[in-house]
Amino acid sequence: MLISKIKKIALAGSMYVFAGSAMAGYDFKVGEDGKISFGGYLKVDARYVNGDVAYRDFWIGTGTPLAEDASQFRIFANESRFNTKYVHGDVTGFIEMDFLGGGGNQVVSNSANPRIRHAFIKYQGITAGQTWTTFMNTSAIPETADFAGATVGLAFIRQGQVRFDAGNFQFSVENPESVGGDTANDDLPDVVARYNIKGDWGNVSISALGRSLNTTMGNSETAFGGSIAGRIKTFGKDDFRFQFHQGEVGRYVGVGTASDLIGEEVESTTSYLAAYRHYWTDTLRSTVLYGRVETDLADAERTQWSVNLFQNLTPQLAVGFEVGNFEMGDKNVDSDYAQLSMRYAL
């Protein structure tokens, strides 16, 4: 009976891992009101990149332009992750790590360093620790072979915070960071407010962000931004995922595209993502996506598109193939990529 229960939990967990959610898959009782869970996944990627943007294991909102086209191929398993969840009554603790912390090389053993992804405590509507920013709707992340997929269009930040949940409303104070400014004087936390609308049709979140940014000349600037994101069920098991971010959102979107400050001025950013996932059968599906980010001061223009095909060989084992393109329009460079992935949900 225990083995059967574990398999059911693992199957449920496997439905969420590609969207980046922090799920744990194997539950064990500890005492009368305690439970400990273990989960995560193993993911192996074979990636080929060709073009005049230098190879990366996954695209972010910036890259290294090359004078001439180059081609590179890699096989790696660094995205693999492991998490543990502890529950005692109303208290939940969660910690997760992966192996994208740097280090290692291809010469001998490729000993990549583990890194912390999540580490937080939840108690009666309060979340404290490091996890996804409240500004971010994780359900709107597409299923991709490339890690996170079209990060140029995503709100994508994990950081220390204290969050309060009250029904559909969320409010948090989070770590400040004036990218391009004087971080030594970041003495006021970032503030995020979010409202979630949910139903059988899917979900939509509306978020607002307020920050105090410190310039290198000693001035303080306020910054405000907004976001709307969600996942909408369409036909059968299909869904449409979208994100739109506008304003002085800086480092919160585009994963490295935008700065918070350029000189003494606050940079404004527009970022969006659209992705449609279609199920050809109960286990075979494809996602096509397009993401773009633009900034007003640095005039950055970054886009990414991709299309993929995923098949579950077993409820826990999925394989997928993806092709796409990453472009730095402001630098007039781009690279194509192809990636084969295998993921085994623990």
Side-chain angles (χ1 to χ4, degrees), residues 14-21 41 43-61 63 69 71-76 79 137-156 202 229-244 253-255 257 271-294 301-313 317-329 333-343 345:
S14 70
M15 300 301 290
Y16 296 93
V17 290
F18 240 67
S21 55
Y41 60 76
K43 184 165 180 273
V44 181
D45 296 288
R47 182 175 172 92
Y48 173 81
V49 172
N50 173 260
D52 48 9
V53 179
Y55 174 94
R56 291 187 59 92
D57 286 346
F58 56 91
W59 298 121
I60 61 174
D69 285 6
S71 300
Q72 195 165 354
F73 174 79
R74 284 276 189 261
I75 298 175
F76 52 94
E79 190 185 321
N137 184 339
T138 58
S139 74
I141 301 176
E143 181 181 26
T144 56
D146 187 33
F147 177 67
T151 52
V152 293
L154 298 180
F156 196 92
R231 179 172 64 182
I232 308 298
K233 298 178 182 178
T234 56
F235 307 100
K237 297 173 67 175
D238 292 10
D239 63 66
F240 173 68
R241 308 183 193 204
F242 68 94
Q243 300 192 27
F244 178 77
V253 304
V255 190
T257 303
S271 172
Y272 56 87
L273 169 76
Y276 191 86
R277 181 170 65 171
H278 172 67
Y279 275 80
W280 304 99
T281 69
D282 285 342
T283 58
L284 182 68
R285 67 270 185 198
S286 294
T287 294
V288 57
L289 66 80
Y290 179 83
R292 182 174 176 85
V293 62
E294 302 175 359
E301 295 181 12
R302 313 290 160 82
T303 61
Q304 184 179 344
W305 65 263
S306 67
V307 60
N308 59 47
L309 184 69
F310 282 93
Q311 169 68 44
N312 271 75
L313 304 180
L317 181 62
V319 294
F321 180 72
E322 180 170 298
V323 295
N325 175 270
F326 172 72
E327 180 181 6
M328 301 172 64
V333 293
D334 74 297
S335 280
D336 299 318
Y337 75 98
Q339 185 162 330
L340 178 65
S341 296
M342 177 175 287
R343 189 206 71 226

Practice task
Begin with the C-alpha distance, continue with both residues' side-chain angles, and end with the deciding distance and a verdict on side-chain contact (heavy atoms from CB on, under 4.5 Å) for Asp239 and Ile232.
Solution key: CA-CA 5 Å; Asp239 63 66; Ile232 308 298; over 6 Å; no
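- When side chains are defined from C-beta on, Thr287 does not count as touching Phe310, because their heavy atoms never get closer than 4.5 Å.
- Side chain of Ser306 to main chain of Gly324: no donor-acceptor pair is present (N/O by atom type, distance under 3.5 Å, no hydrogens or angles).
- Nearest approach of Gly61 to Phe326, heavy atoms of both residues: C-CZ, 4.2 Å.
- Leu273 and Ala150 get closest at one heavy-atom pair: CD1-CB, 3.7 Å.
- Remark: side-chain polar atoms of Lys43 are not paired, donor with acceptor, to backbone N or O of Ser341 under 3.5 angstrom.
- A donor-acceptor pair is defined here as one N or O able to donate and one able to accept, closer than 3.5 Å; such a pair exists between the side chain of Asn308 and the backbone of Glu143.
- Put simply, the side chain of Gln304 reaches to within 4.5 Å of the side chain of Tyr337, judged on heavy atoms.
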Exercise for the section: Show your working on side-chain contact (heavy atoms from CB on, under 4.5 Å) between Thr283 and Gln311 and close with a plain yes or no. Expected result: CA-CA 6 Å; Thr283 58; Gln311 169 68 44; 2.8 Å; yes
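- Counted by atom type alone, Tyr290 and Thr303 present zero donor-acceptor pairs between their side chains at under 3.5 Å.
- The minimum heavy-atom distance linking Ser335 with Val53 is given by the pair OG-O, 2.8 Å.
- Between atom CZ of residue Arg231 and atom CG of residue Asn137 there is a gap of 8.5 Å, rounded to the nearest 0.5 Å.
- At a threshold of 4.5 Å between non-hydrogen side-chain atoms, the residues Glu327 and Trp305 do not count as touching.
- Of the candidates Asp57, Asp336, Asp146, Arg47 forms a salt bridge (charged side-chain N to carboxylate O under 4.0 Å, His left out) with just one, namely Asp146.
- In this structure, Phe76 has no ring-ring contact (aromatic ring centres under 6.0 Å, His included) partners at least two apart in sequence or on a different chain.
- Between Ser271 and Gln243 the shortest side-chain heavy-atom distance does not fall below 4.5 Å.
- In this structure, Asp45 and Glu79 approach most closely via the heavy-atom pair OD2-OE1, 4.2 Å.
- Taken from CZ in Arg302 to OG1 in Thr151, the straight-line distance is 11.0 Å, to the nearest 0.5 Å.
- Atoms OG1 and CG, on Thr138 and Leu154 in that order, are 11.0 Å from each other to the nearest 0.5 Å.
- Within the 4.5 Å cutoff, the side chain of Phe156 has no heavy atoms near those of the Ile60 side chain.
- Between the side chain of Gln72 and the backbone N or O of Tyr55, no donor-acceptor pair lies under 3.5 Å.
- Val49 is listed as a side-chain neighbour of Trp59, based on a closest heavy-atom distance under 4.5 Å.
- Side-chain atoms of Val44 and Ile75, non-hydrogen and from C-beta on, do get closer than 4.5 Å to each other.
- What you find for Leu289 and Ala275 is that their closest heavy atoms are CB-CB, 3.7 Å.
- Between Thr234 and His278 the shortest side-chain heavy-atom distance does not fall below 4.5 Å.
- Here CD of Gln339 is found 13.5 Å from CZ of Arg74. Values are rounded to the nearest 0.5 Å.
- Judged purely by atom type and a 3.5 angstrom limit, Asp238 uses its side chain to pair as donor or acceptor with the backbone of Tyr279.
- Taking both residues in full, the closest heavy atoms of Ala318 and Arg285 are given as CB-NH2, 4.3 Å, listed atom of the first, atom of the second, then distance.
- Scanning for ring-ring contact (aromatic ring centres under 6.0 Å, His included) contacts around Phe58 gives Phe147, with sequence neighbours left out.
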